[in-house]
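This report refers to the structure that appears directly beneath it.
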There are 4 protein chains.
Amino acid sequence: MSAKTPLTGLVAATHTPFHADGSLNLSVVEKQASQLLIDGVSYAFIGGTTGESSSLTLVERRLLCAQWMEVVKGSALKVIVHVGANCLADAAALASQAEDLGAAAISALSPSYFKPRNVAALVESMAEIASAAPDLPFYYYEIPTMTGLSVAPSEFLAQAASRIPNLAGIKFTSSNLMEYQLCTAVNEGAFDIPFGFDEMLLAALAFGAKGAVGSTYNFAAPIYLRIMAAFERGDFAAARREQLRTVRFIQRLASVGYMGAAKAVMAMRGVEVGPPRLPNTALSAAEIDSLRVDLESMGFFDWIKPDASA
Amino acid sequence: MSAKTPLTGLVAATHTPFHADGSLNLSVVEKQASQLLIDGVSYAFIGGTTGESSSLTLVERRLLCAQWMEVVKGSALKVIVHVGANCLADAAALASQAEDLGAAAISALSPSYFKPRNVAALVESMAEIASAAPDLPFYYYEIPTMTGLSVAPSEFLAQAASRIPNLAGIKFTSSNLMEYQLCTAVNEGAFDIPFGFDEMLLAALAFGAKGAVGSTYNFAAPIYLRIMAAFERGDFAAARREQLRTVRFIQRLASVGYMGAAKAVMAMRGVEVGPPRLPNTALSAAEIDSLRVDLESMGFFDWIKPDASA
Amino acid sequence: MSAKTPLTGLVAATHTPFHADGSLNLSVVEKQASQLLIDGVSYAFIGGTTGESSSLTLVERRLLCAQWMEVVKGSALKVIVHVGANCLADAAALASQAEDLGAAAISALSPSYFKPRNVAALVESMAEIASAAPDLPFYYYEIPTMTGLSVAPSEFLAQAASRIPNLAGIKFTSSNLMEYQLCTAVNEGAFDIPFGFDEMLLAALAFGAKGAVGSTYNFAAPIYLRIMAAFERGDFAAARREQLRTVRFIQRLASVGYMGAAKAVMAMRGVEVGPPRLPNTALSAAEIDSLRVDLESMGFFDWIKPDASA
Amino acid sequence: MSAKTPLTGLVAATHTPFHADGSLNLSVVEKQASQLLIDGVSYAFIGGTTGESSSLTLVERRLLCAQWMEVVKGSALKVIVHVGANCLADAAALASQAEDLGAAAISALSPSYFKPRNVAALVESMAEIASAAPDLPFYYYEIPTMTGLSVAPSEFLAQAASRIPNLAGIKFTSSNLMEYQLCTAVNEGAFDIPFGFDEMLLAALAFGAKGAVGSTYNFAAPIYLRIMAAFERGDFAAARREQLRTVRFIQRLASVGYMGAAKAVMAMRGVEVGPPRLPNTALSAAEIDSLRVDLESMGFFDWIKPDASA
């Protein structure tokens with residue numbers, strides 16, 4: 001994989017599995033991986049926002065990476081390791097491990113407690129990480145709703161192009177589709193810009209997105225594959241109908257705290273990724289029951305069947 | 001026109017023409033209208049954000065409306081009157097005038113110095129305006145980057161449906177395409193949701209938008225008509241190429257203050273709408289020259305020719 | 001009054017009185033004025049944020065000003081007229097009226113639907129207003145929580161000093177006390193900076209504030225006069241105790257929507273200023289009862305007695 | 001030290017010293033400590049925002065703590081260890097070390113990549129940290145400009161009071177002085193609320209602050225001690241004059257990036273704490289020269305002399 005061979009299809013931003021007491025439960029990774037393959041997902045993006053990487057120790061992030069690389073050995077599933085951290089030395093160490101273990105790519109968000117003052121500071125920060133895995137494609141991870149960063153990603157790309165030799169593109173989790181277009185156009189389309197807002201995937205397809213990285217691809221990938229197929233055949237009525245379904249269930253999950261709700265849905269599907277860690281919070285038993293009822297009532301569990309027709 | 005007959009095609013959010021000294025120059029309206037017809041625009045949206053309505057006196061807003069209604073008499077161009085204001089009594093007076101003069105519809109944004117505390121307060125505020133023109137379709141104008149409002153437009157629509165009999169839909173100027181989808185789905189698609197971010201039009205088309213209200217349709221409508229045509233025939237490569245052109249020139253205009261730059265572009269095209277009023281600022285002569293050179297260099301003046309091929 | 005003779009003591013930002021149906025009820029102004037005199041307030045600031053000026057028509061603002069000027073004729077109460085508006089022509093017209101009728105000073109906030117792009121645009125906007133009342137002291141009104149403006153007021157002051165001959169200072173309603181200090185220091189203290197956050201008055205006194213403009217001075221002035229007196233005699237225990245009282249009741253009012261609650265408190269005191277206009281909302285009868293009970297329970301109605309001891 | 005024995009005087013939020021290549025340079029800690037003692041500072045707050053803790057590895061944070069505890073052994077300087085981190089397990093480990101090594105107190109900010117959804121989630125997050133050092137006073141660190149958190153600190157305090165036995169108070173770095181007052185009043189003044197905005201110290205003194213934690217106390221403590229002394233003797237003219245000096249130099253430092261500028265000032269004073277780590281950036285040689293000239297010109301190097309008169 002390189003900037004010349006973009007990510008295609010769905011990239012699931014995977015959960016980090018915990019025991020009920022919050023300790024790491026790596027035995028679940030195998031189940032996560034097999035479910036993704038069943039659902040038609042192409043890549044596992046590990047240790048990202050959905051993976052609660054900011055709530056993991058460095059040791060845990062290393063163990064998680066090692067486990068995933070072991071599990072996917074010989075399978076069709078490829079692994080992209082998110083290595084970003086407030087501490088760039090930690091991020092670089094994780095990048096180096098990812099390269100050693102044969103990951104397909106790495107990605108990193110910007111430090112966000114301290115925010116880079118300008119584009120140059122962001123480029124230098126990312127260069128420090130990317131240079132620790134020089135043979136892997138590097139994806140900058142834009143997600144301003146979480147980081148609070150205001151650097152235009154297209155300006156990052158333009159300046160980083162000559163500074164970061166292994167720069168592959170941007171994991172673009174933002175609703176700023178003007179910036180999305182600018183990113184796809186930098187250096188005449190040299191960079192790969194997988195899209196990160198699941199509930200707006202159809203918009204990104206219209207703008208040429210080939211791949212999508214998201215959290216709900218862990219448990220609802222079939223819906224999105226149908227969106228992609230409908231887009232390909234020009235069936236916008238079907239594409240909109242499916243995309244609206246995702247809007248409905250995402251709105252429901254978000255109403256009780258997305259992270260806890262999403263992990264509860266994983267359990268409903270038989271993949272016991274456990275509760276989130278603080279400061280994220282788990283749903284109460286009553287909230288889980290209510291969520292299940294509502295999801296059933298809207299048809300969610302049918303929608304996410306791989307063989308469901310659009 | 002009603003909620004049953006949605007706005008289709010391009011709705012130009014027109015500039016209010018001023019003399020060099022800032023006084024109203026209504027003689028230009030005729031030229032504006034004829035240019036829109038030449039460019040294939042279906043509606044003139046007058047006195048909105050682009051129309052600097054917040055910088056006009058109530059008397060001037062009345063005169064502007066009267067002039068437009070007079071000018072379009074007998075022409076194919078329809079007029080939608082923006083009547084929103086911090087003072088709801090002013091807005092209601094403008095709504096009443098619009099109905100009296102036979103406008104096609106009215107629209108209003110929320111008061112934004114004081115912001116409604118919740119959905120109910122917004123609904124009541126809009127009801128006060130809409131009820132002053134009970135026979136005209138009413139469009140709520142969502143534009144959170146200007147108003148700072150955080151009320152979800154889909155919740156407004158759901159609650160206003162039974163409170164505002166003449167509610168037709170929402171002029172949706174926001175990049176929140178999750179909300180856009182929710183709005184299109186309220187009451188099984190009962191409402192018309194024309195889209196308001198010119199530079200993301202293609203995304204809205206993918207989500208089913210039939211009409212678009214925007215500022216750059218005053219001088220660059222042909223590009224957007226080509227986007228719509230390309231979308232219709234499934235030619236996304238062409239649609240993206242055209243949309244990227246709009247991103248390029250909008251970015252350039254915004255770099256020196258959008259309002260002053262857009263009015264300068266109007267003058268370059270021979271429609272002398274004059275400078276903006278304070279607090280918006282006009283471009284200096286040097287800035288205008290530089291803007292013209294850059295626009296020429298990117299091909300802008302060819303792009304906006306009605307007969308240009310995609 | 002000029003920059004050389006700063007505002008001293010309390011300036012009440014008065015409510016605009018309405019009938020129950022929302023129409024202007026100017027007969028109440030006399031009662032408002034007499035109550036302020038009883039409470040030891042030095043100035044009435046009319047048509048500001050508390051006065052809901054953005055919800056008034058221009059005609060109503062003129063009537064309000066005329067009524068106040070008539071009522072205070074021959075009394076010790078001086079009137080400062082807030083004239084700010086999104087439309088600078090409206091603001092200038094109000095400024096001119098204020099000068100004609102003999103107001104003590106005028107004040108204006110920045111247009112906020114369109115926000116000045118930089119300090120220069122703000123200065124020009126304010127100059128347009130101030131020049132319409134050249135013989136009156138002009139106070140720029142800084143209140144970023146309402147306007148969303150990010151221009152540093154100290155930079156405004158520095159640039160406006162030579163551009164606006166009648167610039168007297170700033171009505172400073174912001175918690176940025178670093179900026180407050182910078183404002184007091186511009187041109188070696190040439191400008192008057194009355195403070196606008198009632199609940200932090202003690203902090204401003206520490207930084208040298210001589211006057212304070214605020215909404216709760218309409219009904220709780222005695223508390224603040226005791227704060228000022230305690231500060232003067234160095235009794236910080238007393239000053240803090242009184243200031244904490246204001247924090248308590250302001251927090252309670254804000255919990256149900258400050259504007260509606262404050263107008264309800266006025267009625268409790270016998271000054272029937274009526275409900276606010278939309279988009280602000282009135283308290284329900286139940287909310288008013290509950291508010292009265294809570295205020296009684298905390299001692300509010302004793303605190304606000306002019307003769308209460310600290 | 002406990003909630004019953006509040007922090008008094010100045011608490012310097014110390015820099016973490018690096019070599020020119022960015023590696024930890026613990027040999028400088030001794031110099032830092034001795035300079036603080038010379039300057040009349042009572043406590044060193046280590047590994048906080050100024051200490052760039054988010055840019056340090058866990059191992060480095062442990063080494064930094066061990067070094068400080070070793071250095072201050074037998075001296076009058078007490079150490080407060082900031083242990084906050086996005087990963088609560090890391091924070092708890094640091095808390096435990098701080099207790100083992102005999103620190104005076106610990107403090108922690110909230111995770112900020114993920115933000116607690118409500119007060120309860122924040123309380124639980126802080127409880128997880130505080131319980132790892134049950135015999136040390138625990139200070140919650142409020143700094144919304146960095147964390148983006150919107151939980152009211154007074155509500156945190158009210159709910160945490162019964163949940164966190166060793167809760168001592170809040171390091172309050174916010175300009176919301178209404179909240180400051182509410183915090184000081186929780187449980188009838190049971191908690192200690194040292195103030196964290198150096199440039200507004202005088203305001204906090206007026207509200208009863210006994211201690212202050214800040215970054216500029218590393219190199220400009222004498223100015224602040226004079227502010228405290230002037231406040232004590234009721235000399236507000238002197239207090240304001242000194243406080244304005246701090247506003248002047250802080251504004252100058254911030255203009256080129258505070259962290260890099262502050263570390264440059266430390267070097268000017270002979271305490272070679274080195275450059276900051278990315279994403280913070282060091283000043284260029286030219287920027288340092290210009291900064292020195294400007295500081296000299298305003299009198300900074302005289303102001304910070306311990307023996308300077310007010």
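All chains are named by letter (A, B, ...) in the order of the sequence lines, taking the proteins before the strands, and each is independently numbered beginning at 1. This structure is a prediction, so every number in the text was calculated from the model and none was measured. Worth knowing before you read on, the calculation uses all heavy atoms, side chains too, and leaves out hydrogens, waters and symmetry mates.
Chain D forms more heavy-atom pairs under 4.5 Å with one residue of A:Met126, A:Glu52, A:Arg277 than with any other, namely A:Glu52. Highest contact tally toward chain D, considering only A:Leu58, A:Asp90, A:Asn280, is held by A:Asn280 [criterion: heavy-atom pairs under 4.5 Å]. Of the listed residues A:Asn118, A:Val256, A:Thr147, A:Leu109, the one with more heavy-atom pairs under 4.5 angstrom with chain D than any other is A:Val256.
Distance OG/D:Ser54 to CG/A:Leu88: 9.0 Å, rounded to 0.5 Å.
For the residue pair A:Met146 and D:Lys115, the shortest heavy atom distance occurs at O-NZ, 4.4 Å. Closest approach of A:Ala121 to D:Thr281, counting heavy atoms only: CB-CG2, 3.9 Å.
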Worked verdict on D:Tyr113 versus A:Thr49 for side-chain contact (heavy atoms from CB on, under 4.5 Å): CA-CA 9 Å; D:Tyr113 184 74; A:Thr49 301; 2.5 Å; yes

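Judged by distance alone, the side chain of D:Arg117 and the main-chain N or O of A:Pro279 form no donor-acceptor pair under 3.5 Å.
Only the side chain of A:Ile143 has a heavy atom closer than 4.5 Å to any heavy atom of chain D. Looking at A:Glu124, the atoms closer than 4.5 Å to chain D (heavy atoms on both sides) sit in the backbone and in the side chain alike.
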